[in-house]
Amino acid sequence: MATEIKGNVSGFIIQGFSDSSKFQISLFVLILIIYLIILMGNLIIFLVISWNPHLHTPMYIFLQNLSIIDISFTSTILPNLLHILLTQQNNISFLGCMTQMYVFVALANSEYFLLTAMSYDRYVAICDSLHYITRMSRKHCAWLIIAAFTVGFVDPFSIVILISKLSYCASHLINHFFCDVTPLLKLSCSSTFSVELLIYIEGTLLTFNSFLLTLTSYIFIISAILKIQSSEGQQKAFSTCASHLTCVITLYVTIICLYMRPTKSYSLERNKYFSLLYIVLGPVLNPLIYTLKNTEFKSSFIRTRQRITFILYQY
């Protein structure tokens with residue numbers, strides 16, 4: 001029987017991906033490039049929207065906040081992973097581990113709720129366009145964003161507190177590349193039933209209901225689009241929703257596969273790479289999906305680039 005340490009855990013050891021130095025160097029370079037792409041793409045979105053007042057509409061304000069979440073979300077995990085791959089120093093304090101897990105879950109939750117708010121915005125724009133300005137005023141938009149972040153950051157408190165009170169085996173080796181919920185539950189020598197039950201309850205009440213609200217919005221949206229007489233009008237309406245719908249499907253399919261199942265059926269080795277894909281896929285794709293065919297954003301980006309170039313030339 002594994003030795004238990006209760007109440008005096010000082011820290012954990014993060015195993016990471018591989019003991020092969022050659023593989024870790026290649027992985028370090030790959031993750032560094034991906035992280036820089038994420039920072040650059042989402043920072044461009046944030047700056048372009050900030051510096052162009054005509055983009056201060058609900059759709060772009062939501063997108064700006066999504067870029068903030070994507071930068072923060074990846075920055076919670078990837079810099080520490082890069083440090084581990086480069087230096088092989090894979091120790092993390094107990095407080096640092098709990099903090100990383102809390103911020104990771106809080107930002108993930110905030111993204112789900114923000115995407116739900118964005119689907120509501122698209123629903124009002126297409127299904128109730130005459131009242132769009134009233135229903136999606138700056139005040140209402142601000143309240144939706146505040147609610148998304150508030151619920152997102154309050155929700156993980158109880159889970160993190162329960163996990164912090166568990167007894168952990170003497171090895172303290174986390175078979176993952178960051179402090180995630182399931183690997184910590186696997187490491188515990190005490191019963192994790194109450195934690196798993198709470199995860200399922202909160203997952204059903206908040207995350208799954210958030211998905212249902214998004215799904216319901218799109219049922220009404222698609223129904224309204226199909227009633228449009230001209231094919232050009234249908235295509236234009238679909239184009240305003242396609243990017244958001246793609247991100248929603250990618251996010252929820254990944255999160256359900258990762259977390260919404262018992263830990264007994266969880267393969268840590270296989271899911272390390274799946275977790276990495278989940279962490280980087282959305283933040284990499286979101287800037288491309290939302291802006292690649294957006295002529296309004298492209299023209300604003302060109303103006304912003306010209307402004308920055310002009311300022312640099314002044315110095």
Side-chain angles (χ1 to χ4, degrees), residues 57-70 73 105-156 198-231 233-261 278 281-283 285-286 289-290 293-294:
T57 60
M59 184 180 76
Y60 287 107
I61 291 172
F62 284 131
L63 181 57
Q64 186 181 43
N65 280 271
L66 183 62
S67 68
I68 294 172
I69 289 176
D70 284 341
F73 183 66
V105 177
L107 289 170
N109 286 346
S110 299
E111 185 170 13
Y112 309 149
F113 303 136
L114 187 65
L115 287 172
T116 303
M118 293 171 76
S119 67
Y120 175 73
D121 172 65
R122 293 299 84 204
Y123 161 76
V124 176
I126 293 173
C127 299
D128 193 15
S129 56
L130 294 177
H131 299 95
Y132 180 78
I133 296 176
T134 304
R135 293 180 64 176
M136 291 304 298
S137 63
R138 286 197 174 188
K139 182 180 178 181
H140 290 162
C141 184
W143 275 113
L144 286 171
I145 293 170
I146 291 170
F149 279 99
T150 301
V151 176
F153 275 81
V154 169
D155 172 59
L198 182 60
I199 290 172
Y200 273 99
I201 292 172
E202 292 190 356
T204 302
L205 291 177
L206 295 174
T207 309
F208 186 67
N209 282 338
S210 175
F211 172 74
L212 286 181
L213 287 172
T214 303
L215 182 63
T216 303
S217 297
Y218 271 101
I219 290 173
F220 283 107
I221 288 170
I222 293 171
S223 176
I225 290 174
L226 292 175
K227 292 177 182 178
I228 299 174
Q229 299 296 324
S230 66
S231 58
Q234 288 184 348
Q235 187 176 2
K236 185 178 180 181
F238 268 119
S239 66
T240 63
C241 306
S243 56
H244 177 260
L245 186 59
T246 303
C247 292
V248 167
I249 292 172
T250 303
L251 178 68
Y252 278 101
V253 168
T254 312
I255 199 67
I256 288 170
C257 292
L258 271 175
Y259 298 117
M260 298 304 291
R261 56 203 166 119
Y278 162 68
L281 188 61
L285 293 180
N286 286 347
I289 291 172
Y290 282 103
K293 293 185 178 181
N294 190 324

**Prompt:** Should Val124 and His131 count as side-chain neighbours, where that means a heavy-atom distance under 4.5 Å?
**Reply:** no
**Request:** Looking only at non-hydrogen atoms, find the nearest pair between Ser129 and Ala125 and report the distance.
**Result:** CB-O, 3.2 Å
**Message:** With rounding to the nearest 0.5 angstrom, report the CE to CG distance, Met118 to Leu144.
**Reply:** 12.0 Å
**Message:** Counting neighbours of CD on Gln234 that are heavy atoms of other residues, nucleotides or ligands and sit closer than 6.0 Å, is the number greater than 12?
**Reply:** yes
**Fill in**
From the list Ile222, Asp121, Ile221, side chain to side chain contact (heavy atoms under 4.5 Å, CB included) with Ile126 holds only for Ile221
**Message:** Tell me if a side-chain donor or acceptor on Asn209 pairs with a main-chain N or O of Leu205 at a distance below 3.5 Å.
**Reply:** yes
**Asked** How far apart are the closest heavy atoms of Leu66 and Tyr290, and which atoms are they?
**Response** CD2-CE1, 3.8 Å
**Asked** Aromatic rings His244 and Tyr218: how do their planes relate, parallel, tilted or perpendicular, breaks at 30° and 60°?
**Response** parallel
**Ser119 side chain vs Thr116 backbone, donor-acceptor pair below 3.5 Å** = yes
**Tyr112 versus Ser210, closest heavy-atom pair with distance** = O-OG, 3.4 Å
**Message:** Taking Ile219's backbone N and O only, do any of them form a donor-acceptor pair with Ser223's side chain (distance below 3.5 Å, no angle check)?
**Reply:** no
**Message:** Within the structure provided, determine whether Phe62 and Leu114 are in side-chain contact (heavy-atom separation under 4.5 Å).
**Reply:** yes
**Item:** Value rounded to 0.5 Å, distance of CZ in Phe113 from CD1 in Ile69
**Value:** 10.5 Å
**Message:** Within the 4.5 Å heavy-atom criterion, are Ser230 and Ile228 side-chain neighbours or not?
**Reply:** yes
**Complete:** Taken to the nearest 0.5 Å, the spacing of Arg122 CZ from Thr214 OG1 works out to 13.5 Å
**Request:** Compare all side-chain heavy atoms of Arg135 with those of Tyr120 and state whether any distance is below 4.5 angstrom.
**Result:** yes
**Asked** Does the pair Cys247 and Leu285 meet the rule for a side chain to side chain contact (heavy atoms under 4.5 Å, CB included), with working shown?
**Response** CA-CA 8 Å; Cys247 292; Leu285 293 180; 5.9 Å; no
**Asked** Are any of the side-chain heavy atoms of Leu206 and Asn109 separated by less than 4.5 Å?
**Response** no
**Request:** Would you please test Thr216 and Tyr123 for side chain to side chain contact (heavy atoms under 4.5 Å, CB included) and show each step?
**Result:** CA-CA 9 Å; Thr216 303; Tyr123 161 76; over 6 Å; no
**Side-chain heavy-atom pair Glu111, Asn286 within 4.5 angstrom cut-off** = yes
**Fill in**
Tightest non-hydrogen contact, residues Met59 and Asn294, listed as CE-ND2, 4.5 Å
